[in-house]
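All remarks here apply to the structure that follows.
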Amino acid sequence: MMIRKDLREGKYEGVVTRFPPEPNGYLHIGHAKSIVLNFGVAAEFDGRCHLRFDDTNPETEEEEYEKAIIRDIRWLEFDWGEHLYYASDYFERFYGYAVELVEKGLAYVDSQSEEEIRETRGTVTEAGRHSPYRERPVKENLELLERMRAGEFPNGAHVLRAKIDMASPNMKMRDPLLYRIRNVPHYRAGDAWHIYPMYDFAHCLEDAIERITHSLCTLEFENNRDIYDWVLENVSIPRPRPFQTEFARLSLTHTVMSKRKLLSLVKGGFVSGWDDPRMPTLAGMRRRGYTPAAIRKFCEDVGVAKANATVEIERLEHAVRDDLNTKAPRMMAVLRPLKLVIESWPVDEVEWLDASLWPRDVPKEGTRRVPFCKELYIERDDFMEEPARGFRRLYPGSRVRLRHSYIVECTGVEKDEDGNVVEVRVRHDADGSGKKPKGTIHWVSARHAVDVPVRLYGRLFSEPHPESHPDKPYEEFIDKCSLEELTAKGEPELANVESGSHVQLERQGYFFADPTLTEEGRPALNRTVPLRDTWAKVSARAGLEKAAVPDGGRKKAAAEPDEGRPVGEATASAEPASQGAAGRAPLDAEALGLRDAHGLSSEQARLLASRPDLRRFFEAALQVHDAPASVARWVVNEVAALTKHRELEELPITAGGLAELARLVDEGEVAAPAAKTVLDEMSRLGESPREIVERMGLAESVDSTLLEALVREVIAAHPAEADRCRQGKKGLIGFFMGKVMEATGGKASPSDARKLLERHLGG
RNA sequence: UGGGGAGUCGUCUAACGGCAGGACUUCGGCCUUUGAAGCCGACUAUCCAGGUUCGAAUCCUGGCUCCCCAGCCA
């Protein structure tokens with residue numbers, strides 16, 4: 001939107017964005033949002049997006065990370081063409097700009113210690129103090145800088161600082177550091193440098209050098225924008241220059257996102273590495289089976305705004321399921337086996353059934369063969385000796401459909417000496433003539449089953465907001481049970497699932513054949529995401545209710561209207577009374593005088609008293625049109641709004657003009673809506689109200705018969721809306737008002753128009 | 001308590017001063033050889049208080065809450 005405006009105004013010829021990762025860690029889903037945004041806007045406006053490594057800190061950056069980052073972005077299927085850049089390739093130019101600043105007297109070499117610099121920076125409420133080296137002569141600065149570059153000093157001996165303002169309320173502007181000495185080699189630049197540029201100096205220059213137009217970054221850099229602008233305004237870079245715009249970074253429930261915390265999860269052994277499938281890293285998600293398309297869709301869906309926000313993980317999971325639904329073929333496997341014996345089936349007979357790989361609503365072809373015989377495995381959860389209410393699966397006497405196969409009826413169970421059910425016995429319905437069963441369960445042939453290692457991944461943190469507990473560190477919410485490993489019994493075809501491919505195990509979830517663990521003919525499956533499970537929710541709820549029942553309460557009736565009643569009291573006792581006008585500070589003498597002299601409201605008086613410019617304007621206007629009430633209203637509400645972003649003095653609007661306008665309205669020559677148009681024009685061009693009214697033909701001139709006709713016309717043009725309005729959707733009156741006022745150019749009396757509309761649409 | 005940002009359904013996110021919309025979640029219903037998917041429906045929101053206006057999420061005033069800034073990290 002903002003970009004559209006820039007283009008429309010001809011600020012830039014095209015759009016150039018960039019994704020600027022620092023090669024010091026792995027990319028996570030939060031970076032994905034930035035990637036999708038940057039590449040997305042470039043594509044939308046037919047521009048381009050650069051990939052630029054912001055490698056300005058040699059101490060933490062490594063080629064390994066660079067490689068991983070490139071792999072991850074490619075995996076997301078974004079393409080930067082030949083536009084791969086490195087901040088380190090610009091080091092020489094940065095240095096040139098630094099020299100330029102020094103020569104202009106806008107930067108100096110500071111030889112204070114790190115600690116001294118920190119102490120003299122001041123605090124958020126106190127100004128900082130000047131460095132004793134601040135006025136070092138240009139020549140000396142140049143020499144020192146040259147020697148810093150040459151490696152003549154130890155780390156920390158000197159820094160280059162911008163000379164801006166040690167008293168700036170923006171801490172970032174208190175002579176920010178531009179260069180620091182680091183006598184270490186850079187992973188790309190080698191040992192060519194002994195000084196390295198700071199982010200605030202380098203980033204804006206990188207953008208300018210690459211002719212970036214829109215530099216999108218996260219909210220925490222808002223304070224840095226002033227430096228960004230300062231540097232680019234003070235060095236010789238090509239124009240038009242880039243501008244920085246901030247957006248909210250992504251947070252997700254049930255996880256953490258900062259590099260530091262992710263690293264501590266790895267180091268603490270809570271996960272197996274950066275690519276552990278529970279990690280929110282792209283590498284982890286890839287290994288878990290999340291797809292690039294799902295991640296992109298998710299990033300687009302959550303949108304971009306400036307408000308800090310935490311997106312529910314369910315939303316990501318939805319995107320993943322939605323994508324995989326049409327991409328993952330269906331197969332069967334039993335995670336926790338229970339033997340099922342078909343009493344009515346011959347011992348040695350095997351029937352190979354054709355089973356579709358896709359459900360009805362996925363328009364894809366393909367089947368596989370599934371063997372059926374006397375002994376099968378079914379899921380333990382699919383049998384209950386004493387069925388819960390609503391249980392639609394196997395229990396003594398029940399009938400279920402075996403997926404892709406026969407209907408069976410449970411005839412009994414076998415138990416071990418401890419009373420555990422070890423085998424369920426059924427008879428099958430050979431011709432399918434019986435009535436339809438309520439449920440369908442999955443199964444595999446015991447004889448043909450293949451063992452498949454399966455990892456069930458859950459959320460890393462049990463708490464939705466692990467970082468939002470002041471009294472508890474996020475580590476305490478790590479879910480130790482977020483990984484469950486087991487060996488499943490799979491149908492034969494499952495052995496052929498290839499490394500890196502997706503499959504849905506029916507009724508259980510989407511799984512991914514882990515590329516690092518899968519062997520030929522023996523996939524290791526990671527559960528990407530479980531299927532939505534309504535029954536699990538229902539039974540969990542039932543369990544809760546049951547737990548609440550023992551003390552004799554009636555089933556759910558008691559649980560339903562929970563103890564939410566105190567709400568009414570709470571709101572009532574919330575003492576909002578202290579706020580209102582009565583609760584405000586009393587008017588000072590000046591405001592009091594204003595109020596009494598002109599009969600203003602306290603609010604109006606308070607504003608005029610606190611804004612000398614508006615007060616003078618108000619008083620000057622009274623000289624022309626002595627109607628304090630209406631003039632005050634215009635000044636307080638409308639003129640004040642105009643001064644939001646511009647000084648009153650800069651506005652071409654005069655007190656006399658405003659007074660004239662107020663008079664025209666008071667005397668009924670111009671209707672209120674039209675008067676606002678006039679004011680807008682006045683603030684743009686500085687014409688007198690009368691000139692504008694004449695030029696635009698805004699004098700009130702809509703007589704009642706004409707207005708009536710207009711109203712009828714507008715209603716006739718929107719029959720559907722009129723109907724809804726008559727049926728009670730009163731908000732639509734506003735819709736019609738808008739149309740009528742538009743038709744009259746704001747010249748009609750709004751109250752008359754509304755009356756007419758209400759009469760016609762009232763029924 | 002300096003400065004910079006931000007407050008719209010439970011959660012994200014829309015709405016030239018003119019119908020508070022969409023998505024996720026939740027809850028009903030339909031359908032179903034996946035308690036999935038799909039389809040239909042429902043619930044629920046403009047931080048608060050004043051003001052301007054025919055009409056305010058939007059403009060004005062005041063207040064409240066949350067986030068960011070005192071790295072030689074980015």
Side-chain angles (χ1 to χ4, degrees), chain A residues 20 22 24 54 56-57 59-60 114 117-118 121-128 155-156 159 168-172 174 177 179-182 196 198-200 203 219-226 246 248 253 301-312 314-315 318 321 325 330 359-362 390 392-393 401-405 407 436-437 439-442 504 506-508 531-536 538 576 579-581 583-585 601 603-604 606-607 633 636-638 640-641 644 672-673 676 721 724-725 729 731-739 741 749-755:
Chain A
E22 183 189 12
N24 71 343
D54 204 1
T56 57
N57 183 353
E59 296 187 307
T60 58
E114 187 170 347
I117 288 177
R118 185 169 47 243
R121 183 146 32 215
T123 68
V124 290
T125 49
E126 300 162 47
N155 290 353
V159 291
S168 171
N170 179 357
M171 299 284 301
K172 297 278 183 195
R174 322 249 258 227
L177 274 61
Y179 270 103
R180 78 288 215 184
I181 297 173
R182 281 289 172 273
Y196 293 91
M198 301 288 292
Y199 167 86
D200 284 315
H203 202 94
L219 252 26
E220 68 269 24
F221 290 101
E222 275 172 334
N223 297 313
N224 300 60
R225 190 174 56 227
D226 285 344
E246 307 83 14
T253 56
D301 280 356
V302 299
V304 176
K306 287 195 83 161
N308 284 316
T310 303
V311 177
E312 290 171 331
E314 284 84 351
R315 205 152 165 151
H318 173 263
R321 290 191 189 104
N325 182 35
R330 317 291 141 118
R360 276 191 320 283
D361 55 343
V362 173
R392 311 215 292 245
R393 310 175 192 177
R401 161 77 65 181
L402 293 177
R403 178 74 168 148
H404 300 302
S405 178
I407 292 166
K436 277 187 162 186
T440 300
I441 64 175
H442 60 276
Q504 184 197 99
E506 292 203 67
R507 303 212 303 133
Q508 304 195 107
L531 256 28
R532 284 186 73 224
D533 189 350
T534 306
W535 169 245
V538 171
Q579 249 95 334
R584 300 216 185 132
S601 74
E603 284 304 317
Q604 290 172 329
R606 188 191 307 279
L607 177 75
R633 192 172 58 64
V636 167
N637 286 293
E638 307 298 340
K644 203 75 177 175
K676 282 202 184 171
E721 283 81 1
R724 278 197 292 145
C725 195
K729 182 87 179 168
L732 280 166
I733 292 274
F735 166 79
F736 284 106
M737 275 297 289
K739 298 285 177 212
M741 296 313 291
S749 146
S751 50
D752 291 352
R754 177 166 285 259
K755 263 181 236 147

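To find a chain, count down the sequence lines: A is the first, B the second, and so on, and within it residues start at 1.
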So, using side chain to side chain donor-acceptor pair (under 3.5 Å) as the criterion, who are the partners of [X] when residues are at least two apart?
X      : result
A:D301 : A:K297
A:H318 : none
A:E220 : A:T218, A:R249
A:N223 : none

Protein heavy-atom contacts under 4.0 Å, written 5' to 3' over nucleotides 37-45 of chain B as B (base), S (sugar-phosphate only) or - (none), form the string BS-------
Nucleotides 68-74 of chain B: protein proximity per nucleotide (B base, S sugar-phosphate only, - neither; heavy atom, under 4.0 Å)
BBBSBSB
Check the pair A:L402, A:I407 against side-chain contact (heavy atoms from CB on, under 4.5 Å), reporting the backbone distance first and the verdict last.
CA-CA 6 Å; A:L402 293 177; A:I407 292 166; over 6 Å; no
Can you tell me the distance, in whole Å, between the [atom1] atom of [X] and the [atom2] atom of [N]?
X      : N      : atom1 : atom2 : value
A:I733 : B:rC19 : CD1   : P     : 13 Å
A:R401 : B:rA36 : CZ    : P     : 18 Å
A:D752 : B:rU53 : CG    : P     : 16 Å
A:R392 : B:rU32 : CZ    : C1'   : 10 Å
A:E638 : B:rG51 : CD    : P     : 16 Å
A:E246 : B:rC67 : CD    : P     : 19 Å
A:M737 : B:rA56 : CE    : P     : 11 Å
A:E603 : B:rC59 : CD    : C1'   : 15 Å

Identify, with sequence neighbours excluded, every residue that meets side chain to side chain contact (heavy atoms under 4.5 Å, CB included) alongside A:R180.
A:N57, A:V159, A:R182, A:Y196, A:M198
Can you list the residues that meet the side chain to side chain contact (heavy atoms under 4.5 Å, CB included) rule with A:R321, with sequence neighbours excluded?
A:E317, A:Y510, A:V529, A:R532
Using a distance-only criterion (donor-acceptor N/O pair, under 3.5 Å, no hydrogens), is the base of [N] paired with the side chain of [X]?
X      : N      : answer
A:D533 : B:rG35 : no
A:R633 : B:rU52 : no
A:Q504 : B:rU34 : yes

Hunt down the Watson-Crick or G-U wobble partner of [N], both distances under 3.5 Å, from any strand shown, or write none.
N      : result
B:rG41 : B:rC27
B:rA6  : B:rU65
B:rU34 : none
B:rC59 : B:rG51

Any carboxylate oxygen within less than 4.0 angstrom of a Lys/Arg side-chain nitrogen, looking at A:E222 and A:K172?
no
Can you check the distance between [N] and [M], where both ends of the measurement are the [atom1] atom (answer in whole Å)?
N      : M      : atom1 : answer
B:rU11 : B:rG17 : C1'   : 29 Å
B:rC24 : B:rU34 : P     : 22 Å
B:rU58 : B:rG51 : P     : 14 Å
B:rU65 : B:rU46 : C1'   : 16 Å
B:rG63 : B:rG7  : C1'   : 14 Å
B:rG35 : B:rU44 : P     : 32 Å
B:rA45 : B:rG29 : C1'   : 26 Å
B:rG2  : B:rC48 : C1'   : 25 Å

Residues in salt bridge (Lys or Arg N to Asp or Glu O under 4.0 Å) with A:R403, at least two apart?
A:E506
Does A:K676 have any salt bridge (Lys or Arg N to Asp or Glu O under 4.0 Å) partners at least two apart in sequence or in another chain, and if so, which?
A:E638
Between A:Q604 and A:S601, is there a donor-acceptor pair closer than 3.5 Å when you use the side chain of the first and the backbone of the second?
yes
Please classify the nucleic acid contact of [X] as base, sugar-phosphate, or nothing, using heavy-atom distances under 4.0 Å.
X      : value
A:E126 : nothing
A:G128 : nothing
A:L607 : sugar-phosphate

Phosphate-side-chain proximity, A:K729 and B:rA20, N/O vs OP1/OP2 below 4.0 Å:
yes
Below 4.0 Å: OP1/OP2 of B:rC60 and any side-chain N or O of A:K644:
yes
Could you tell me the separation between the [atom1] atom of [X] and the [atom2] atom of [Y], rounded to the nearest 0.5 Å?
X      : Y      : atom1 : atom2 : result
A:D200 : A:T56  : CG    : OG1   : 10.0 Å
A:N325 : A:D361 : CG    : CG    : 6.0 Å
A:I117 : A:R174 : CD1   : CZ    : 14.0 Å

Please tell me which of A:Q508 and A:E314 maps to the more 5' nucleotide of RNA chain B, matching each residue to the nucleotide holding its nearest heavy atom.
A:E314
Taking the nucleotide of RNA chain B with the closest heavy atom to each, which residue, A:K436 or A:V636, is nearer the 5' end?
A:K436
Candidates B:rA36, B:rC54, B:rG35 - which lies nearest the side chain of A:R393
B:rG35
A:E222 has its side chain closest, among B:rU34, B:rU61, B:rG5, to B:rG5
Chi class for B:rG71: syn within 90° of 0, otherwise anti
syn
What does the list of N/O pairs under 3.5 Å between the protein and nucleotides 12-15 of chain B look like, with a distance for each?
| residue | atom | partner | partner atom | Å |
| --- | --- | --- | --- | --- |
| B:rC12 | OP1 | A:T310 | N | 3.3 |
| B:rC12 | O5' | A:T310 | O | 3.3 |
| B:rC12 | O2' | A:V302 | O | 2.9 |
| B:rC12 | O2 | A:R315 | NH1 | 3.2 |

So, using ring-ring contact (aromatic ring centres under 6.0 Å, His included) as the criterion, who are the partners of A:H203 when residues are at least two apart?
A:Y199
Centroid under 5.5 Å and tilt under 30°, A:F735 to B:rG18
no
